[in-house]
Amino acid sequence: MKPYILFPFAAAALMSLLACGQSQPEVVDNKAPDPIAEQAAMATPVALPPSVKDSRSYRCKDNSIIYVDFLADDKSANLRMEKMGAPTTLKAEAPGGPYKLDGYELVGHGTSVTATIPGKGTQACKA
């Protein structure tokens, strides 16, 4: 190969490298003002709900089944009458106390509980 054929290619490569160094990077400023930034800064912190600590199904004296999720804060329990039903969140005043809400009451945890359910009364239930 003749060296004079390579000169045009070398010159083109050198010119393209020199052209890259001469241009400045384009600065894009897309910092639009946030319309709710002040409200967000003054808002109270959001607390995440407690996670499920224990989940059990219980068979009660009347042969019905209840589903209970005991939450990690030890002061909340979700009670469901059907496996995929909507939960009723019961709260205790202190950890280990009875969970209550509007006529519902759940006492105990682990393998046996006593459940009071509106329309069904109070009954013992076992896991």
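Other residues, nucleotides and ligands place no more than 12 heavy atoms under 6.0 Å from the CG atom of D102.
Under a hydrophobic-cluster definition in which Ile, Leu, Val, Met, Phe, Trp and Tyr are linked whenever side-chain heavy atoms come within less than 4.5 Å, directly or via other members, V68 and V107 are assigned to different clusters. When hydrophobic clusters are built by joining Ile, Leu, Val, Met, Phe, Trp and Tyr residues whose side-chain heavy atoms come closer than 4.5 Å, directly or via intermediates, L101 is not grouped with L71.
For A127 against G110, the heavy-atom pair with the smallest separation is CB-O, 4.2 Å. In terms of heavy-atom proximity, K75 sits nearest to A94 at CG-C, 4.1 Å. A pairwise comparison of heavy atoms in Y99 and A92 identifies CD2-CB, 3.8 Å as the closest pair.
Separation of atoms NZ (K61) and OG1 (T114) is listed at 10.0 Å; rounding is to 0.5 Å. Distance check: K100 NZ to L106 CG gives 12.0 Å after rounding to the nearest 0.5 Å. To the nearest 0.5 Å, atom OH of residue Y67 and atom CG of residue L79 are 11.5 Å apart. The structure places CD1 of I117 at 6.0 Å from OG of S64, a figure rounded to the nearest 0.5 Å. Summarising the geometry, atom OH belonging to Y104 is positioned 4.5 Å from atom OG1 belonging to T88; distances are rounded to the nearest 0.5 Å.
Side chain of E105 to backbone of P98: no donor-acceptor contact under 3.5 angstrom is found.
No side-chain N or O of K126 forms a donor-acceptor pair with one of S112 less than 3.5 Å apart.
The side-chain contact (heavy atoms from CB on, under 4.5 Å) test with R80 singles out one residue from D69, I66, I65, and that residue is D69.
Note: Y58 and F70 have perpendicular aromatic rings, judged against thresholds of 30 and 60 degrees for the angle between ring planes.
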Legend entry - Steps toward side chain to side chain contact (heavy atoms under 4.5 Å, CB included) verdict (I36, D34): CA-CA 6 Å; I36 62 165; D34 187 358; 3.7 Å; yes
Inset, instruction - Run the numbers on D74 and K53 for salt bridge (charged side-chain N to carboxylate O under 4.0 Å, His left out), then give the verdict. - result: CA-CA 8 Å; D74 293 327; K53 182 178 181 180; 2.9 Å; yes
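T116 has its side chain out of reach of Q123: every pair of non-hydrogen atoms, C-beta onward, lies at least 4.5 Å apart.
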